[in-house]
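Computed from a prediction, not measured in an experiment: that's the story for all the values here.
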2 protein chains.
Amino acid sequence: MTGNPVLDAIDAAILRELQNDARISNKDLAARVNVAASTCLERVRALQRRGVLAGFHAEADPAALGRPLQAYIAVRVRPHNRDVVEPFIRFVLDLPETLALSHIAGPDDFLVHVAVRDAAHLQRLLLDGFTSRREVAHLETQLIFQHHRKWDISPI
Amino acid sequence: MTGNPVLDAIDAAILRELQNDARISNKDLAARVNVAASTCLERVRALQRRGVLAGFHAEADPAALGRPLQAYIAVRVRPHNRDVVEPFIRFVLDLPETLALSHIAGPDDFLVHVAVRDAAHLQRLLLDGFTSRREVAHLETQLIFQHHRKWDISPI
DNA sequence: ACCGCTTCCGAATAGTCTTCGGCACATGAC
DNA sequence: GTCATGTGCCGAAGACTATTCGGAAGCGGT
C-alpha cells in the first residue's frame with residue numbers, strides 16, 4: 001500500500017495538476033492527463049487512500065486579510081521535555097498569527113512563522129504571547145521580506 | 001472594491017470552509033454558510049477578484065513521495081545585491097527539494113525549507129547545490145522533527 | 001416617496017459526477 | 001497453448017451540480 005515505490009506518469013500528472021489548481025473539474029483533469037473521467041476519479045481516490053494526496057486547501061493572502069508583515073520567531077524552551085513541549089505546540093498553533101510551526105534540532109527548539117498587521121502587532125505578540133510564558137527561555141525574531149512557497153512537489 | 005477593510009461573517013465562513021476543503025461543491029459550501037448557491041458562487045468569485053482567495057492547491061505528503069526528511073537551510077549570500085540575489089532565488093525555487101524560500105532580515109539572508117530522501121541526500125544537496133555556488137558565503141542547516149502548517153488563516 | 005445601487009434569491013438549462021457492466025491485457029498454473 | 005484470475009480502463013446513463021439571469025428586497029441619499 002504505502003510500499004509502492006513510485007507514481008506512474010499519470011499519477012504524477014494528476015498530482016501536478018491538482019497542486020496547481022485543486023478546484024479543476026474531474027472532467028478537465030481527465031482531459032489534461034489523457035484518461036477517461038471515470039479512470040481519473042478512481043486514480044484521485046487511490047492517491048487519497050494512499051496518503052499521497054493529503055488534502056485540498058484554498059490559499060488565502062495574509063496581506064489581503066490585513067496581515068502584510070511576516071516573521072520567523074526562533075524559540076528556546078526550557079525544560080525541553082514532553083510536559084512542556086506539547087502544551088507549547090498547542091499554544092502556538094492556537095494563535096491566530098501563526099502560519100506554521102516547526103520543531104527543530106539545534107540551538108533553537110522551535111521556529112514559528114507568523115503573519116501580523118504591523119511591527120507594533122509583532123511586538124505585542126512577542127511580549128504578551130511568548131516572553132510572558134515561563135517555559136520560553138530565549139527568542140530571536142527575523143523579519144521576512146519575501147516568502148515564496150512552491151505548490152507543486154514532485155516525487156524525488 | 002479592494003478598499004473594503006474587513007470580510008463580513010459570510011465571507012469569513014466561506015474562506016474558512018475553502019481553506020479546510022477546497023474541493024467542496026458550491027452547493028455544499030452554500031449550505032454550510034447559509035446562503036443560496038448562486039450567491040455563494042458570486043461571493044467566491046468576488047473573493048478571488050479581490051485577491052483574498054489567491055488559489056486552490058492539493059496538499060501532497062512529501063513523506064509519501066519518498067522525501068520524509070525536512071530541514072531549514074540558512075544561507076548568507078555575498079555580495080547581497082540584486083544581480084546576485086535574483087538568480088539565487090530562481091535557482092533555489094527550481095530545486096525539486098525546495099518547499100519554500102524566505103528572504104529575511106538578519107545575519108542570514110535566506111531560509112530555505114527543503115524535503116529530502118535522507119541525510120545523504122541532504123548532504124549532497126548542501127555540497128553540490130549550495131556550497132558549490134560562488135555567492136554562498138555561509139550555510140547553517142537545521143533538521144525539522146515535526147512541521148505543522150495551519151491551513152485556515154483568519155482576518156486579523 | 002423616489003431613485004440608484006447593491007445584494008440576494010430561485011428557476012431553469014447546461015453541464016458534470018459517479019456508478020456500473022463489460023472489455024482488454026497481463027500473469028501464472030498446468 | 002489455454003485457461004483462470006486479477007487489474008485497470010472505458011463509455012453510457014441517471015443523478016446531481018454549476019451557472020446564468022430576471023426580478024425582488026434592502027439601504028442611503030435627496
Side-chain angles (χ1 to χ4, degrees), chain A residues 1-61 64-66 151-156, chain B residues 1-61 64-66 151-156:
Chain A
M1 194 161 287
T2 65
N4 220 3
V6 291
L7 268 44
D8 69 13
I10 293 173
D11 284 336
I14 288 174
L15 210 53
R16 178 165 31 79
E17 296 297 336
L18 284 178
Q19 285 181 106
N20 279 332
D21 178 9
R23 266 181 99 75
I24 188 174
S25 78
N26 183 59
K27 192 194 176 215
D28 288 351
L29 177 58
R32 276 173 189 268
V33 304
N34 295 313
V35 293
S38 49
T39 303
C40 189
L41 194 64
E42 181 45 33
R43 289 262 192 169
V44 171
R45 293 209 265 232
L47 287 170
Q48 292 183 271
R49 255 181 277 127
R50 289 163 60 185
V52 176
L53 275 173
F56 302 95
H57 307 279
E59 173 197 4
D61 179 6
L65 294 174
W151 293 109
D152 56 320
I153 306 176
S154 48
I156 310 190
Chain B
M1 195 159 286
T2 65
N4 223 2
V6 290
L7 268 44
D8 67 13
I10 293 173
D11 284 336
I14 288 174
L15 210 53
R16 177 165 32 79
E17 296 297 335
L18 284 178
Q19 286 181 106
N20 279 333
D21 178 9
R23 269 180 95 76
I24 188 176
S25 77
N26 182 60
K27 191 193 176 217
D28 288 352
L29 178 58
R32 276 172 189 268
V33 304
N34 297 311
V35 293
S38 50
T39 304
C40 189
L41 195 63
E42 180 45 33
R43 289 262 191 170
V44 171
R45 293 209 265 233
L47 288 170
Q48 291 183 273
R49 255 180 276 127
R50 289 162 62 184
V52 176
L53 275 173
F56 303 95
H57 307 279
E59 173 197 5
D61 178 6
L65 293 173
W151 292 110
D152 57 319
I153 307 176
S154 48
I156 308 190

_N/O (side chain, B:Arg45) to phosphate O (OP1/OP2, D:dT20) under 4.0 Å_ = yes
*Does a nitrogen or oxygen in the side chain of B:Arg43 sit under 4.0 Å from OP1 or OP2 of C:dT7?*
no
*Hey, which sits more toward the 5' end of DNA chain D by its nearest nucleotide, A:Thr39 or B:Ser38?*
A:Thr39
*Picking from C:dC8, D:dT17, D:dT20, which would you name as closest to the side chain of B:Lys27?*
D:dT17
*Give the rounded distance in Å between these two atoms: CD1 of A:Ile10 and C1' of D:dC10.*
13 Å
_Spacing of B:Asn34 atom CG relative to C:dT7 atom P, expressed in whole Å_ = 19 Å
_Inter-residue atom distance B:Glu17.CD - B:Asp152.CG, 0.5 Å rounding_ = 10.0 Å
*If we ignore angles and hydrogens, is there a donor and acceptor under 3.5 Å between the side chains of B:Glu59 and A:His57?*
yes
*Starting at CG of B:Leu41 and ending at P of C:dC8, how long is that distance when rounded to a whole Å?*
13 Å
*asked:* So B:Ile24 and A:Arg23, do their side chains get closer than 4.5 Å, heavy atoms only?
replied: yes
*Would you please test B:Arg43 and B:Asp8 for salt bridge (Lys or Arg N to Asp or Glu O under 4.0 Å) and show each step?*
CA-CA 11 Å; B:Arg43 289 262 191 170; B:Asp8 67 13; 2.7 Å; yes
*If you look at every strand shown and take non-hydrogen atoms under 4.0 Å, does B:Ser25 touch a base, only sugar-phosphate, or nothing?*
sugar-phosphate
